[in-house]
Amino acid sequence: MLDPQLLRNNPEEVKTAMQRHGADLDLEIFNALETQRKDIQVKTQNLQNERNKRSKSIGMAKAKGEDIQPLLDSVSQLGDELKAAETELQGIQSKLQAIQLSLPNILADDVPLGKDEENNVELRKWGAIPQYDFDVKDHVDLGQSLAGIDFEAGAKIAGSRFVTLSGPLARLQRALTQFMLDMHVDQHGYRETYVPYLVNKDSLLGTGQLPKFEEDLFKISDDSPYYLIPTAEVPVTNLVRDEIIAVGDMPLKFVAHTPCFRSEAGAYGRDVRGMIRQHQFEKVELVQVVKASDSEQAHEQLTQHAESILQALNLPYRLMLLCSGDTGFSATKTYDLEVWLPGQEAYREISSCSNFNDFQARRLKARWRNPETGKPELVHTINGSGLAVGRTLIAVMENYQQADGSIKVPDALQPYMGKITSITL
RNA sequence: GGAGAGAUGUCAGAGUGGCCGAAUGAGCACGCUUGGAAAGCGUGUGUACCGCAAGGUACCGAGGGUUCGAAUCCCUCUCUCUCCA
């Protein structure tokens, strides 16, 4: 949510910023509602004041044993008027709120203008793209020949875009998860966190998935208020909802491993082959809650934490700065890490690291107390995948494949793999 | 599944229709006191919105209702605790 002050005081500026982020603000409607709101709010508060004063005088008169009937008569009409004003105010406020909830975050100045991922800007590349003297397979072929990935089983048990893993490949996924968690906890100072995989509506409103993106989510049922989490960002960031954080506890750094569930509505033909785009996948998520003055630096730092996993696994990748059209609704700026997949001969997203500034914090009412002013201030939230485990599994398989179809276990993962050095049939 | 109790400010905890944004205590901050500390004393200490300000409005788990007036009464929901199955 944007700062309502900004919206009221500089609506033109906000409108321009919204257009940059692919949204529109109808100033005519907004200004009209704002004017009405002001009038009716003042009117309502005056009526409330009047009622409070008279009610108080009735109380005092009664205490003195005076006749209160004339006073009662004089307020009889006030109640109806007040109720009407309150109802009207409520209506306007919910309309204004709907507008506010539908507006995306204002993009950072250095976000390049662009329509879609074609316009993202490559900031740096890491690692050499491996050369092979044999025919490279993708993870689907590798997984099938190693009898470790079974799409038919996933489809039978659940449906399309589900998969089963078994044997050493299932273990490899677990190894990756453990490795990532350990690295973020031991070397990067994150606090390991276990959270619910089902969340309520308030949490999704807080991080910005609702009200606009309900179709991307799995809802448990119509009578149950729960949704499956699309990312650990939702439960973890909501830890600070309605909280005022002590200055000594800042910054908060959480890491959580969870499954993620996405309906992938609108991705019909895309990535139908393989494990790239699944309804269910594992992810290790990094979340930081910081002071406003620290958020840019924290965003860079968190991105580097995600990068360090790729580096430790020796997987080539590139860092992309997302353009305006590709940056998510709640983000002010997003870096994507794209890992090299030999099977596709392409870089594919494996992590998305975003700074939300105070956009989520305002919805969440997440604040910290500034000791200099003694006042609560909104925090800034930053999160990123560190990393998407399913896609990392793919990347390891494809990058570490050998001529005989086996997969070498990266050195960093060997302690987690019972010391085996290679995955073979 | 059944029966009961409860949810109040940073915390503990009073308040069962009006003078309650809310006693009291603890904590915290500042000041006094002291050689220094403890104790003691004094003052202050929620959030949001409107307003230049004075001031006003809302908020006592959430949402509705009754009433001139609700933390307090009624209804629904959520959560916590105790007991029974």
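Chain letters run A, B, ... following the sequence lines, proteins first, then strands; residues in each count from 1.
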What is the distance from [atom1] of [X] to [atom2] of [N], rounded to the nearest Å?
X       : N      : atom1 : atom2 : answer
N46(A)  : U57(B) : CG    : C1'   : 9 Å
K56(A)  : A70(B) : NZ    : C1'   : 14 Å
L47(A)  : U57(B) : CG    : P     : 12 Å
I245(A) : U10(B) : CD1   : P     : 14 Å
L89(A)  : A58(B) : CG    : P     : 12 Å
K43(A)  : A58(B) : NZ    : P     : 17 Å
R54(A)  : C68(B) : CZ    : C1'   : 10 Å
W368(A) : G46(B) : CH2   : C1'   : 18 Å

Salt-bridge contact R273(A)-D138(A) (side-chain N to carboxylate O under 4.0 Å):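 Between D138(A) and R273(A) there is a salt bridge, with a charged N closer than 4.0 Å to a carboxylate O.
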Check ion pair K115(A)-D326(A) (N to O, under 4.0 angstrom):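 Salt bridge flag = no for D326(A) with K115(A).
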Would one find a side-chain N or O of [X] under 4.0 angstrom from OP1 or OP2 of [N]?
X       : N      : answer
K365(A) : C59(B) : no
N49(A)  : G56(B) : no
N52(A)  : U57(B) : yes

Counting primed atoms, P, OP1 and OP2 as sugar-phosphate and everything else as base, the B/S/- map of nucleotides 71-79 of chain B against protein heavy atoms under 4.0 Å is ---------
Please produce a list of atom pairs where a protein N or O lies less than 3.5 Å from an N or O of nucleotides 47-53 of chain B.
{"unit_1": "U47(B)", "atom_1": "OP1", "unit_2": "R369(A)", "atom_2": "NH1", "d": "3.1"}
{"unit_1": "U47(B)", "atom_1": "O3'", "unit_2": "R367(A)", "atom_2": "NH1", "d": "3.1"}
{"unit_1": "C49(B)", "atom_1": "O2'", "unit_2": "Q41(A)", "atom_2": "NE2", "d": "2.8"}
{"unit_1": "C50(B)", "atom_1": "OP1", "unit_2": "R8(A)", "atom_2": "NH1", "d": "2.4"}

Members of residues 200-209 of chain A that approach RNA chain B, where some heavy atom sits under 4.0 Å away: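 When residues 200-209 of chain A is checked for heavy atoms under 4.0 Å from RNA chain B, there are no hits whatsoever.
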